[in-house]
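This report refers to the structure that appears directly beneath it.
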Amino acid sequence: MTGGSDDDNRKPETRLSEAGRKAEWTGIPGQPGGVVNPPVWRASTILYDDVAHLRAARTDQHQKWFYGRKGTPTQWALADALTEMEPGAEGTMLFPSGVAAIACALMAVLKPGDELLMVDSAYDPTRSFCEKMLRPLGIDTVYYDPLVGAGIEDLITDRTRAIFMESPGSLTMEVQDVPAITAIARDRGIVTMIDNTWATPLFFQALGHDVDISILACTKYICGHSDVMMGSVTANAALWPKIQSTAWMFGQMSSPDDASLALRGLRTLALRLKQHQESALAIAQWLAQRPEVGTVLHPALPSCPGYEHWQRDFSGASGLFSFSLRNDGDSERTLFIDSLRHFGIGYSWGGYESLALPVDLHSIRTAKKWTVQEPLIRLHIGLENCEDLIEDLEQAFRKLHE
Ligand SMILES: *Cc1c(COP(=O)(O)O)cnc(C)c1O
């Protein structure tokens, strides 16, 4: 059986199982029924019977066999599945990384002379794109306090074309007041976009909160196994044609093999996130009790800036959060992280494995000074047994006292 987007009452878990499995993509020629998963179609050239068919294929190239850069049913199935997970969305384009998706979304909306309002807690490569690509093109970026809420109105000028959000923010986890910002943006005809990687559409429905464009680093939870780089941009009907044409002009697409892996990851997203959520919350609460810990920045804990927005707008919390070490410096932090046995040390997150990362922010923030002086550590809580992870953290704390 295949899912259909006409059935609006399906719960997210059901949609995750059924999304993108159109019969035309999973069917076996000459036989009823079909395979469960769309096959991996590796293709550059698409062959036609004759010139007339070749010419006819030009007319509407989206999700039609035309040329490998426009995708095959493997990528279309993933794109449609991501669209189905975001009610109110018109379509999704796929990219070879999350950063490529962010770059394309910004380029689709902005032109020379425009101003962009960018959240101060944005993922660092997003900032770099604004400074090193957009600014030389005559597009200015103004950074705003992640907790600005309706105060965003004071930052809007007649050049403001777009507002970019990331909630919770990278590294420091501030949860934004998205509805307050989108309400003002709608009024003024300003485009809103969000990096929704932390929550995924499962825990935060961006378009349902009136955001125009939702961006995911699918590298993280969608793929979920630390073996794929991918990004996606999902847009409402008004912005979709621009997103689609910009992605085409930049020649962006993900490979069919990667799309197939992402589809496999997507099917278990709800199950994985449930466990990431449970373990991360238990560990965050355990950390909050430790004498060595200063502050715990987990969106589902009241100690996290913007916690009330998380509580109001989100349906869950994923496995990534930060905390600070009280009374300790960089060398103690290094000792702590190096002492961990079950946590890998490395960038990225969203896989099944736990990770730890030292976080240094003072040079990144410009709109609002980061005032926590204690050294920060970011944890991604994976799918290992939670007690094993707590024991591991405990023995690393003991090392600090030796
Ligand atoms: C990792 C990440 C990205 C970039 O994704 P890549 O696939 O690594 O390019 C963007 N935003 C956030 C919040 C991320 O954590």
Side-chain angles (χ1 to χ4, degrees), residues 78 82 92-107 118-133 143 146 164-176 178 193-204 206 211 213-234 247 250 252-255 257-259 261-262 265-266 269 273 276 280 297-299 304 306 310 314 317-322 344 346-351 353-359 361 364-365 376-382:
L78 173 62
L82 291 170
T92 297
M93 292 304 275
L94 302 176
F95 297 83
S97 72
V99 165
I102 291 165
C104 179
L106 289 169
M107 292 302 280
M118 170 61 65
V119 66
D120 207 21
S121 51
Y123 184 61
D124 201 33
T126 304
R127 280 183 95 100
S128 299
F129 187 80
C130 295
E131 294 310 311
K132 296 181 181 139
M133 281 299 300
Y143 297 90
F164 193 106
M165 297 169 273
E166 184 183 322
S167 180
S170 267
L171 309 175
T172 44
M173 315 306 292
E174 299 95 332
V175 186
Q176 294 193 245
V178 174
M193 47 184 101
I194 192 166
D195 182 333
N196 198 28
T197 301
W198 182 86
T200 83
L202 214 61
F203 285 164
F204 181 72
V211 182
I213 297 170
S214 176
I215 303 164
L216 297 177
C218 299
T219 307
K220 313 290 166 56
Y221 285 126
I222 305 301
C223 293
H225 294 74
S226 303
D227 53 4
V228 181
M229 299 294 300
M230 192 186 292
S232 66
V233 177
T234 299
F250 278 104
Q252 294 287 38
M253 178 46 72
S254 69
S255 79
D257 296 79
D258 287 347
L261 286 170
L266 189 69
L269 179 66
L273 279 185
H276 286 296
L297 301 169
H298 184 298
C304 188
W310 175 83
F314 287 61
S318 64
L320 188 80
F321 67 94
S322 299
Y347 293 107
S348 203
W349 49 277
E353 82 288 10
S354 288
L355 294 169
L357 191 73
V359 170
L361 284 167
I364 304 179
R365 297 307 163 89
L376 273 184
I377 296 172
R378 190 185 74 182
L379 295 181
H380 178 251
I381 304 303

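The first residue in the sequence is number 1, and the count goes up from there. Each ligand, and each atom within it, is numbered from 1 in the order the structure gives.
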Please determine, by modelled atom types, if S255 and D257 share a side-chain donor-acceptor pair under 3.5 angstrom. no
For T126 and E166, does a side-chain donor sit closer than 3.5 Å to a side-chain acceptor? no
Considering residues at least two apart in sequence or located in another chain, which fulfil the salt bridge (Lys or Arg N to Asp or Glu O under 4.0 Å) criterion with R378? none
Establish, for the pair K220 and Y347, whether the NZ or CZ atom is under 6.0 angstrom from the six-membered ring centre and no further than 45 degrees off its axis. no
For W349 and Y221, what are the C-alpha separation, side-chain angles and deciding distance, and is it a ring pair (Phe, Tyr, Trp, His ring centres under 6.0 Å)? CA-CA 8 Å; W349 49 277; Y221 285 126; 5.4 Å; yes
Kindly print each ligand 1 N/O atom paired with any protein N/O atom under 3.5 angstrom away, one pair per line, or none if nothing qualifies.
unit_1	atom_1	unit_2	atom_2	d
ligand 1	7 (O)	G98	N	2.8
ligand 1	7 (O)	T219	OG1	2.5
ligand 1	9 (O)	G98	N	3.1
ligand 1	9 (O)	V99	N	2.9
ligand 1	11 (N)	D195	OD2	2.6
ligand 1	15 (O)	K220	NZ	2.6
ligand 1	15 (O)	W349	NE1	3.0

Given the rule in the ring pair (Phe, Tyr, Trp, His ring centres under 6.0 Å) test, do F321 and H380 qualify, once you have shown the distances and angles that lead to the verdict? CA-CA 7 Å; F321 67 94; H380 178 251; 9.6 Å; no
